[in-house]
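See below for the structure under consideration.
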Amino acid sequence: MNVIARSANISPYLKATVTVVSNGGRTVAATGKVQRPPIVVPAPVTPILSDTMQRNIISGVVRVNSSISASTQIQQSRMAHSDIQVPDFAHYRRDEVKDPYAKSRESAASRKSFSYVLAAGTGLAAAYSTKTIVYDLVATLSAGADVLALSKIEVNLDDVPEGKNVAFKWRGKPVFVRHRTAAEIKKEAAVDVASLRDPQHDSDRTQKPEWLILIGVCTHLGCIPVANAGDFGGYYCPCHGSHYDASGRIRKGPAPLNLQVPQYSFQGNILVVG
């Protein structure tokens, strides 16, 4: 405490020491004072209102640069896409509508007529193209000439003697053409239809009584019967014992139906099957 009290009495005789810091090479006045740079007050910034902002946005981008040692600068740059030229479509426009002062109603009738004619022509061309495509597609999917040739067969009836049965191939199936005698016709016409398993009169199975046309496939399991055989003198299937009469009707055995009669017609002395 005594030391502190004594140092307070000698404090007026102490000399202050100043530490000098370099000021970047600036000269020091003889008075010993440091020369300071002048203080620059930046100009007031102009406020940007909504309308000016809108104009700036349309015309370009606004950039503001400001610092303590420099004045505030406002720079405006154009947008990257603002210099794109609008394409000119005058080459594709009609002459009637190029003049901005002309009334387009005066040429509306002719322009509508052209549009209607163009639409009608396009529609007709599309319809014709569709018809051609459909026709070619149907023709492609249709049967060929070789298949159509086999769809019908012609048989000369002079080659089939009376009392005989001749087999022909039609669509991969045998067709029996039987030239019946008068006795066979009379016998089959006298059969009681009510007693048959598949009731059918003989006259309903023939167009001409002397000619019997049948598909030679057994209705049981698809076997081929033997002509002029069996208990009834018609057709006999040896596979499972089905007996048919001279009208092709089932009379005995496991077959449920009569022999099928194909579609046929007579053209003079020629039989056309199919």
Side-chain angles (χ1 to χ4, degrees), residues 134-135 137-274:
V134 172
Y135 180 82
L137 180 61
V138 172
T140 303
L141 299 178
S142 301
D146 53 345
V147 178
L148 294 176
L150 297 176
S151 62
K152 293 183 179 182
I153 60 172
E154 295 181 357
V155 178
N156 188 357
L157 298 179
D158 294 338
D159 298 335
V160 183
E162 186 178 3
K164 298 296 182 178
N165 183 91
V166 180
F168 299 91
K169 186 177 182 181
W170 174 68
R171 295 182 180 178
K173 300 178 182 179
V175 173
F176 294 158
V177 179
R178 186 186 186 102
H179 193 176
R180 300 190 300 182
T181 61
E184 291 175 340
I185 297 173
K186 183 178 180 179
K187 177 182 178 182
E188 300 303 331
V191 173
D192 184 10
V193 179
S195 63
L196 299 177
R197 180 180 303 173
D198 186 8
Q200 196 173 17
H201 199 275
D202 180 69
S203 61
D204 297 334
R205 296 177 58 80
T206 58
Q207 296 182 17
K208 293 181 178 182
E210 64 272 19
W211 294 105
L212 177 66
I213 316 300
L214 301 172
I215 294 179
V217 177
C218 180
T219 57
H220 180 219
L221 292 178
C223 302
I224 299 178
V226 178
N228 297 323
D231 296 344
F232 299 88
Y235 302 91
Y236 171 68
C237 181
C239 298
H240 302 92
S242 295
H243 297 259
Y244 301 88
D245 57 17
S247 185
R249 296 172 295 191
I250 182 64
R251 303 294 294 274
K252 182 180 178 182
L257 301 174
N258 303 329
L259 293 178
Q260 184 180 359
V261 178
Q263 182 180 1
Y264 65 93
S265 62
F266 294 97
Q267 297 180 1
N269 209 31
I270 300 298
L271 172 68
V272 179
V273 181

>> List the residues meeting ring-ring contact (aromatic ring centres under 6.0 Å, His included) with H240, not counting sequence neighbours, and say none if there are none.
In response: H220
> Got a sec, which pairs hit side-chain hydrogen bond (donor to acceptor under 3.5 Å, both in side chains) with one end in residues 226-239, sequence neighbours left out?
Replying inline: N165-Y235, R178-N228, D231-K252
> Parallel under 30°, tilted from 30 to 60°, perpendicular over 60°: which one fits the rings of F232 and H243?
Replying inline: perpendicular
>> Tell me whether R251 contacts the main-chain N or O of S242 through its side chain, where contact means a donor paired with an acceptor under 3.5 Å.
In response: no
> Which residue pairs satisfy the salt bridge (Lys or Arg N to Asp or Glu O under 4.0 Å) criterion with at least one member in residues 257-268, sequence neighbours excluded?
Replying inline: none
>> I'd like to check the side chain to side chain donor-acceptor pair (under 3.5 Å) partners of S203; sequence neighbours left out, ordered by chain and number.
In response: H201
>> Using the ring-ring contact (aromatic ring centres under 6.0 Å, His included) criterion, which residues pair with Y264? Sequence neighbours excluded.
In response: F266
>> Taking the side chain as everything from C-beta on, heavy atoms only, tell me whether T219 gets closer than 4.5 Å to P256.
In response: yes
> How would you list, by chain and number, every residue that makes a side-chain contact (heavy atoms from CB on, under 4.5 Å) with V217, sequence neighbours excluded?
Replying inline: P174, I215
>> For a quick test of reading the model, state the closest non-hydrogen atom pair linking F168 to I153 and the distance between them.
In response: CB-CD1, 4.0 Å
>> Quick one, W211 and V177 - any side-chain contact, counting heavy atoms below 4.5 Å?
In response: yes
> What heavy-atom pair brings F176 and G216 nearest, and what distance separates the two atoms?
Replying inline: CE1-CA, 3.4 Å
> Which pair of non-hydrogen atoms, one from S247 and one from L214, has the smallest distance, and what is that distance?
Replying inline: O-CD2, 4.3 Å
> Which distance, rounded to the nearest 0.5 Å, do you find between the CD of Q200 and the CG of L257?
Replying inline: 10.0 Å
>> Taking salt bridge (Lys or Arg N to Asp or Glu O under 4.0 Å) as the cut-off, I'd like each qualifying pair that reaches into residues 197-210, sequence neighbours left out, listed once.
In response: R180-D202
Which donor-acceptor pairs under 3.5 Å do the side chains of residues 154-162 make with protein atoms, sequence neighbours left out?
{"from": "N156", "atom 1": "OD1", "to": "D158", "atom 2": "N", "distance (Å)": "3.2"}
{"from": "D158", "atom 1": "OD1", "to": "N269", "atom 2": "ND2", "distance (Å)": "2.1"}
{"from": "D158", "atom 1": "OD2", "to": "N269", "atom 2": "ND2", "distance (Å)": "2.5"}

> What are the two closest non-hydrogen atoms of T206 and P209, and how far apart are they?
Replying inline: OG1-CA, 4.1 Å
>> Strictly distance-based, threshold 3.5 Å: is any side-chain N or O of E184 a donor or acceptor partner for the main-chain N or O of T181?
In response: yes
> Between P225 and C218, what is the shortest heavy-atom contact and its length?
Replying inline: CD-N, 3.9 Å
> How long is the span from the SG atom in C237 to the CD1 atom in I250, to the nearest 0.5 Å?
Replying inline: 9.0 Å
>> Filter on salt bridge (Lys or Arg N to Asp or Glu O under 4.0 Å), then keep only pairs touching residues 255-270, sequence neighbours left out; what's left?
In response: none
> Do you know which two heavy atoms are closest between L212 and A246, and how far apart they sit?
Replying inline: CD2-O, 2.9 Å
